[in-house]
Each structure stands twice: as structure tokens, then as C-alpha cells.
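Here the structure is laid out as C-alpha cells; the discussion comes afterwards.
Only a predicted model underlies this, so the values are computations on that prediction, with no experimental measurement involved. Order of appearance sets the numbers: ligands from 1, and atoms from 1 within every ligand.
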Amino acid sequence: MKVLKFGGTSVGSAQRMREVAGLVHAPQLGRRIVVLSAMSGTTNALVDIARLLYAQDVAAATAGIEALRQRYHDVAQELLPGGHAPAAIGQLDQHFQTLLDLTTAPLSSDGERVILAQGELLSTLLFHRYVTQVLGHPAVLLPALDFMRLDQDDEPDAAYIREHLAATLAPHAAQQLFITQGYICRSAQGSIDNLKRGGSDYSASLIGAAVEAEEIQIWTDIDGLHNNDPRVVPGTYPIRELSFDEAAELAYFGAKILHPSSVLPARQHGIPVRLLNTMQPDAPGTLISSRTGSEAIKAVAAKDGITAINVKSSRMLLAHGFLRTLFEVFERYRTSIDMITTSEVAVSLTIDDPARLPQILEELRRFGTVEVDENQTIICLVGNLLQDAHGAAHAAFAALQDIPLRMISYGGSPNNISLLVNTVDKTRALLALNEGLFRKPSP
Ligand code: ADP
Ligand code: ASP
Ligand code: MG
């Protein structure tokens, strides 16, 4: 079995859906599960509808729903000629009715999740109808809500997913092509939930792990994972091969092409992940596997929205157990720490989720003086640093000589150097690193 995931831009119009249908039809693919995102712009529009409902602006939310309905009716008309459109539109309208029903009472967080789930339900509905009715190819639509599930800690429940996906596939032993929704799932309690923004990549990897797929393909709008953020830096280029660890670090530290957790299930099961470009299907893209290349620093990524916390305490001097007590505060508030540096009397660390920051700070103040810096960015340099005989770390620091570095973390992992800078310096830092590290394009 192979898993092929297509992102929002890849299914963003009737024309794009036709192209994706062509790509997934290749008979040499064998049995495959196609995981689709919502059409581009849809999840943002749904987020906006929920925001308007929270603000009790029912008129604007309703207008947003009607605008979305019109867009989907237009796509259905274009994609499904020959009398197939009306039935599809009837089915689409059931989803728009779900949205309209949620405008009649104050929005709850459960209601919000139902809103956010509609995008993937709509895109898969249209795509499945196109493949089966217009192209006449057999394909089975697998409802992701029947098998994608979170556990009590809001983490994907791998055992549940494996068992229920197998049961969902069982009646279709002779089928070759399956279509399902990315992003959406159920909570441990069974209510509709999601895998957070960009979560369709994570769905694909979880599904790949559940069926022990031979390969997971992530099809998007760029030809693989680039050596630097192409939204910020001109002249970036795709990296042909990354190890699971390198890709996991880049995804976690801001390479938007992959959801932060999406490499983990594939890594655990040793399933290669290929990043491919829907607009340029013949480009080689990036292969993520257990192999690592030899370059010392392959890529740079940046993660915004970081908060740095510095705790200065005389109690720390020569005291064992201090760090444990400090970390327990973060554990109690279920807040993970990304970077950490220590000196004899102080600890600096960073978090990316400030939701419980006030409670955390209140407890930390019992240790000593606490300082907080918001609007920080982690810049992560990833590669095979064991090969760092040529001083790539030195080149990186030389490139950044004019940029104030708030924290540096080196040595924690053989493939990562992390730096903390003020977010206002991010673009300058990424450009400087590009000059200093990657001036020559890859062969
Ligand atoms: P999809 O909708 O297919 O999931 P995304 O928008 O989530 O696509 O991810 C693809 C985008 O990620 C690219 O268009 C690119 O702008 C952005 N991106 C950020 N960093 C990188 C990187 N290092 N390599 C490739 N793309 C990146
Ligand atoms: N549609 C969801 C989002 O926009 C999930 C995804 O595209 O991966 O975040
Ligand atoms: Mg994405």
C-alpha cells in the first residue's frame, strides 16, 4: 500500500482536482490511499466563520458560509458535467446546512471543531464523485472519522487507528484506490476534532504507519524541502535526501512544508516519505529515509512565536535537584520546552505555547528573578554535524556576526544547532545564513 497526500493548493480548483486524479490513476502505484486537504483557502475561511460566530456577528458568518457555498457550487458545476452536478450539490449543501445550523446558538469549542472539519469533507466528496462518476474509475471513500482518533492526552491513538483502519479497509480487499480526509479525527470522547493546522501531512503519516505502507508521498506546491525558507529567502533549492531525524527537526522548527509531528510515525515504522510537487510531477523532490547525506549543514528553518524565560536563582548554585524542580513546573502545565541553556546561577529556556505562561511564571518566581522575552524566533540549522570537519558551525556564526543571539544550543543532537533571535532580526538572519552557508546551488 502507498499513501499519497495532496495539500490545499494541489486540490484548490476543478482543474487541479483533475490533475490530481491523473496523478493517482497511474496503475504502477498499486493499492493506495489518497489523503486530501481542504481546497486552498477553505480552512482559513472556516476559521474566520468560527471567529465571527464567537464574536456573535451572525450576519457576517452567514455571508461567509454563503460565499463558500457559491465557490463549491461553481467547482461542482465545472468538475462534474453531464448531469452529475445536482446530486453533488445536494450533498455539498448538507455540509453548508451543518454550518448554518451552528449559527443559531452561541458557538462552543465542539461546534468550532465541527466547522473546521467541513473543508476536508467537501474536497473528498467532490474528488470521489469526479473519479468514480466522470472518470468511471472504481474508488472507495473512507470516512476518516471512522478510524482517526486521539487518546486521552490528545495525541493520535496509533493502536485505535491501526485496528479501525484495517476494519474499514477489510470489506474492500479487491479495491485499489481509496480516498480519505486529512486533518480531521475524533477526540478520545468521540467528538469531532482535528490534528491542528497543516495536519493533513500528519494524517498521511499516521495512516502510512497504520497500514505499514511502503511509501508515503506528500504532494504540495513546491519541489521538495528547500535549504531555507523560500517565502523569505530568494534562490533556495530543494534538498534531495534527508534523514528522518533531519526532516523531523526541520518540520518541528518551522519548515512549513511539513506539519511539525508528521515525520514521527513514518520514522517509527521506517517508511520513506517523498515530498513531491503537483505542479511539476517529474521533479525528483525530497526523499526522507533512514539514510543521511554527508553535508554538514543542509538546511535552515525558523520558528516564530517563541517566548524565552530566564530564571536567575542563588538557590541554583551547587544545588542538585534544582533543574528537576524547575522542569516539573513546565510538566505540571503540560508545556514543552524547546531550547535550554544554563549557567551556574541562571537557566534560560524557550516555549512555543504561552497558553499557561501566567501560571508558570507565578511558580517560577518562587525560585528567584524571572525575565520574559516574547516575539522570539528559533533558527534551526540542520545537517550531519558529525561531519562538521570544515567548520560549518564557524561559518554560521561568522555569517551572523551582526545579529544579536539570545541563546545558542549546540551539541544536544548530532544534526541540529539552534539559535534564538529576536523575531525582528529573523529575515536578516536567514538571508545572512544563506549567504554564508549555501551560496552555491546543490548539484
Ligand atoms: P500544502 O497546502 O500542500 O500542505 P503548505 O502551504 O502547507 O502546502 O506547505 C508548502 C509551502 O511551505 C511552500 O509553498 C513554501 O512556501 C512553504 N515552505 C516553508 N519552508 C519551506 C521549506 N524549507 N521548503 C519548502 N517549502 C517551504
Ligand atoms: N486544511 C487544513 C489546514 O489548512 C489541514 C491541511 O491542509 O493540512 O490547516
Ligand atoms: Mg501543509
Side-chain angles (χ1 to χ4, degrees), residues 4-13 16 19-20 23 35-48 50 68 113 115-124 144 148 180-185 193-207 216-240 242 246-263 273 275-280 283 285-286 288 297-304 377 379-383 426-427 430 433-434 438 442:
L4 289 78
K5 175 260 172 179
F6 293 85
T9 317
S10 304
V11 293
S13 64
R16 292 244 178 279
E19 287 163 17
V20 169
L23 287 171
V35 178
L36 299 188
S37 292
M39 296 177 75
S40 53
T42 303
T43 309
N44 285 346
L46 295 170
V47 167
D48 209 45
L68 210 55
R113 288 165 217 227
I115 293 178
L116 296 182
Q118 301 310 309
E120 274 67 12
L121 294 168
L122 293 167
S123 63
T124 47
M148 291 300 284
T180 193
Q181 300 85 20
Y183 178 60
I184 64 175
C185 62
D193 212 323
N194 62 66
L195 297 171
K196 312 254 166 58
R197 295 305 307 270
S200 297
D201 304 327
Y202 201 14
S203 300
S205 187
L206 290 162
I207 290 171
I216 297 164
Q217 300 180 355
I218 308 283
W219 289 81
T220 182
D221 57 7
I222 190 164
D223 53 349
L225 201 147
H226 279 217
N227 65 315
N228 205 329
D229 191 331
R231 295 164 300 177
V232 179
V233 175
T236 59
Y237 52 82
I239 301 163
R240 296 278 167 255
L242 284 168
E246 291 164 345
E249 306 238 27
L250 287 165
Y252 185 74
F253 286 111
K256 192 207 166 204
I257 186 171
L258 282 174
H259 176 282
S261 308
S262 57
V263 180
V273 178
L275 307 182
L276 294 159
N277 186 353
T278 321
M279 327 294 159
Q280 219 183 307
T286 299
I288 302 168
I297 296 184
K298 290 183 187 166
V300 172
K303 181 172 171 183
D304 295 331
T377 293
I379 296 194
C380 176
L381 317 181
V382 165
K426 171 179 106 169
T427 301
L430 290 181
L433 285 169
N434 218 53
F438 308 119
S442 74

- Message: I want to check a possible cation-pi pair here: Lys196 against Tyr202, using under 6.0 Å from ring centre and within 45° of the ring axis as the test.
- Response: no
[X]: numbered ligand 2 atoms lying under 4.0 Å from its heavy atoms:
{"X": "Thr43", "result": "1 (N), 2 (C), 3 (C), 4 (O)"}
{"X": "Ser37", "result": "6 (C), 7 (O), 8 (O)"}
{"X": "Arg197", "result": "3 (C), 4 (O), 9 (O)"}
{"X": "Gly198", "result": "3 (C), 5 (C), 6 (C), 8 (O), 9 (O)"}
{"X": "Glu120", "result": "1 (N), 2 (C), 5 (C)"}

- Start with the C-alpha distance between Thr9 and Thr278, add both sets of side-chain angles, then the distance that settles side-chain contact (heavy atoms from CB on, under 4.5 Å), and finish with yes or no. CA-CA 9 Å; Thr9 317; Thr278 321; over 6 Å; no
If you take all heavy atoms of [X] and [Y], which pair is closest and at what distance?
{"X": "Asp201", "Y": "Ile257", "result": "OD2-O, 3.5 Å"}
{"X": "Gly7", "Y": "Ser37", "result": "CA-OG, 3.5 Å"}
{"X": "Gly182", "Y": "Glu120", "result": "O-CG, 3.1 Å"}
{"X": "Asp223", "Y": "Pro238", "result": "O-CB, 3.2 Å"}
{"X": "Asp221", "Y": "Asn277", "result": "C-OD1, 3.6 Å"}

Taking non-hydrogen atoms only, is [X] closer than 4.0 angstrom to ligand 1 via side chain, backbone, both or neither?
{"X": "Asn228", "result": "backbone"}
{"X": "Thr220", "result": "both"}
{"X": "Lys5", "result": "side chain"}
{"X": "Pro230", "result": "side chain"}

- Item | Passing option when Lys5 is tested against Ser205, Ser262, Ser203, Ser200 for side-chain contact (heavy atoms from CB on, under 4.5 Å) | Ser200
How far is [atom] from its nearest protein heavy atom, and which residue and atom name does that atom have?
{"atom": "atom 2 (O) of ligand 1", "answer": "Gly8 N, 3.1 Å"}
{"atom": "atom 6 (C) of ligand 2", "answer": "Ser200 OG, 3.3 Å"}
{"atom": "atom 12 (O) of ligand 1", "answer": "Ile257 N, 3.5 Å"}

- Name the orientation class of the two ring planes belonging to Trp219 and Phe6 (parallel below 30°, tilted from 30 to 60°, perpendicular beyond 60°). parallel
Considering the heavy atoms of [X], write down every atom of ligand 1 situated less than 4.0 Å from one of them.
{"X": "Gly224", "result": "24 (N), 25 (C)"}
{"X": "Ile222", "result": "13 (C), 25 (C), 26 (N)"}
{"X": "Asp221", "result": "10 (C), 11 (C), 13 (C), 14 (O)"}

- Query: Judging by distance only, is a nitrogen or oxygen of Lys256 under 3.5 angstrom from one on ligand 1?
  - Reply: yes
- Should Ser200 be listed as contacting ligand 1, given a heavy-atom distance under 4.0 Å as the test? no
- Message: Check for me whether Gly182 has a heavy atom closer than 4.0 Å to any atom of ligand 2.
- Response: no
- Item | Polar contact flag, side-chain donor to acceptor under 3.5 angstrom, Asp229-His226 | no
- Residues Thr377 and Asp304: side-chain donor-acceptor under 3.5 angstrom: yes
- Message: If you take the nearest heavy atom of each of His259, Arg197, Arg231, His226, which one is closest to atom 17 (C) of ligand 1?
- Response: Arg231
- Message: Could you measure the distance from the NZ atom of Lys303 to the CG atom of Leu250? Nearest 0.5 Å is fine.
- Response: 12.5 Å
